[in-house]
Asks: 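Would you mind keeping the following structure in view while I ask a few things?
Atoms within a ligand are numbered from 1 in the order they appear, just like the ligands themselves. As the structure is a computational prediction, the values presented were derived from the model and not from experiment.
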Amino acid sequence: MPNNDRSVVVLISGNGSNLQALIEQSTSDNYKIVGVISNKANAYGLKRAEQNHIPSTVLDHREYESRDLFDQALAEAIDSFSPSLIVLAGFMRILGTQFVERYQGRILNIHPSLLPDYPGINTHQRVLDAGEKRHGVSVHFVTGKLDGGPVIAQVPIDIESTDTADTLANKIHKKEHIIYPAVVSWFVDGRLSMDANDIAYLDGEALSASGTNLATT
Ligand code: GRF
């Protein structure tokens, strides 16, 4: 059992702007980031952790012979922090089924699209190439299906004719930095859960396929 119901571990691979937003919005009343784990030694997010006196661990996936072995080491690193919640924030590794089942209902991910549309990578360019008028961001529970777990919250944005993949990435990041700390707070407050059938609940109500619309400006 976790030592502290409000403790959160954040997994990153890169810049960590979502980690930064989570750090800035963490207060003694909501969640506490007890550790950061990166699969890249040069991830800028590790500096953010250091600057905020958050312990961090690097696990380079290339040093493991198989996904299972990496997942086992990752689970050990996570368990050393005894978190109640695992928050994927730009963590660019696919997690195996056993790993996901071990932490069932305790892993969140943020994805830059309006899921179930555009799972996977390069979402900004793909929505532009498809001529979409709307894009957005989703926070969801992690299940064995890539970017396929139940959606908890989304924020849509309009795509303008001048948008590029870079401008969309900037707009989406701004929304991410609002939506992710909010959802993490819901979880540690006990308002959010996922059942064995992969249905997500907020305040006891089953969430719809698009979750809650958190259209904050
Ligand atoms: C975000 O766009 C997130 O949606 C995706 O990876 C990106 C991470 O950005 N999963 P950052 O490292 O938090 O700046």
Side-chain angles (χ1 to χ4, degrees), residues 8-26 31 33 35-52 54 56-61 74 85-95 99-100 103 107-128 132 134-157 159 163-185 187 210-216:
V8 171
V9 162
V10 183
L11 273 53
I12 60 166
S13 299
N15 179 31
S17 69
N18 278 285
L19 169 64
Q20 185 71 39
L22 286 161
I23 291 170
E24 285 169 10
Q25 291 176 60
S26 130
Y31 54 84
I33 301 173
V36 170
I37 301 173
S38 173
N39 67 314
K40 300 261 178 143
N42 62 355
Y44 185 68
L46 290 168
K47 288 209 167 45
R48 302 182 192 269
E50 189 185 351
Q51 282 159 6
N52 288 280
I54 299 169
S56 63
T57 304
V58 176
L59 287 179
D60 186 336
H61 58 278
L74 183 59
L85 178 67
I86 301 158
V87 173
L88 309 185
F91 184 65
M92 301 300 284
R93 297 301 300 165
I94 293 173
L95 299 164
F99 179 94
V100 172
Y103 299 106
I107 316 176
L108 301 181
N109 185 41
I110 191 158
H111 181 76
S113 80
L114 295 174
L115 291 171
D117 295 341
Y118 301 98
I121 59 172
N122 296 331
T123 57
H124 311 310
Q125 192 57 53
R126 284 162 58 212
V127 295
L128 289 172
E132 301 281 5
R134 249 168 49 114
H135 189 26
V137 55
S138 307
V139 176
H140 65 97
F141 277 110
V142 173
T143 63
K145 197 172 159 215
L146 178 67
D147 298 326
V151 173
I152 299 161
Q154 290 187 325
V155 180
I157 62 164
I159 299 179
D163 272 322
T164 63
D166 284 346
T167 63
L168 286 179
N170 281 335
K171 289 181 190 178
I172 294 282
H173 264 121
K174 288 198 177 102
K175 301 296 184 191
E176 290 183 340
H177 301 162
I178 299 166
I179 186 175
Y180 219 5
V183 173
V184 170
S185 295
F187 186 93
S210 57
T212 296
N213 184 332
L214 268 184
T216 24

Asks: Output the list of atoms in ligand 1 that are nearer than 4.0 Å to some heavy atom of E176, sorted by atom number.
Replies: 1 (C), 2 (O), 3 (C), 4 (O)
Asks: Using a strict cut-off of 4.0 Å, indicate which atoms of ligand 1 neighbour a heavy atom of S17.
Replies: 11 (P), 12 (O), 13 (O), 14 (O)
Asks: Indicate yes or no: at least one non-hydrogen side-chain atom of F91 is less than 4.5 angstrom from one of I107.
Replies: no
Asks: When you measure from atom 5 (C) of ligand 1 to each heavy atom in I110, V139, N18, T123, which option holds the nearest one?
Replies: I110
Asks: Specify the protein heavy atom at minimum distance from atom 12 (O) of ligand 1: its residue, its atom name, and the distance to 0.1 Å.
Replies: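 It is G16 N, 2.8 Å.
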Asks: Is there a side-chain contact between Y180 and V137, using heavy atoms and a 4.5 Å cut-off?
Replies: no
Asks: For atom 7 (C) of ligand 1, which of the options G90, G45, S113 provides the nearest non-hydrogen atom?
Replies: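 Closest candidate by heavy-atom distance is G90.
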Asks: Has ligand 1 got any nitrogen or oxygen that is less than 3.5 angstrom from a nitrogen or oxygen of A89?
Replies: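 The answer is no, given that A89 and ligand 1 share no N or O pair closer than 3.5 Å.
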Asks: D163 and T167: side chain to side chain donor-acceptor pair (under 3.5 Å), yes or no, with the steps?
Replies: CA-CA 6 Å; D163 272 322; T167 63; 2.7 Å; yes
Asks: Is it true that H135 and H124 share a donor-acceptor pair across their side chains at a distance under 3.5 Å?
Replies: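 Yes.
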Asks: Could you check atom 9 (O) of ligand 1 against the protein and tell me its nearest heavy-atom contact, residue, atom and distance included?
Replies: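 Residue, atom and distance for the closest contact: H173 NE2, 3.1 Å.
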Asks: Taking the side chain as C-beta and beyond, is there a heavy-atom pair between L168 and I157 under 4.5 Å?
Replies: yes
Asks: So L46 and S56, do their side chains get closer than 4.5 Å, heavy atoms only?
Replies: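 SC-SC contact between S56 and L46 confirmed.
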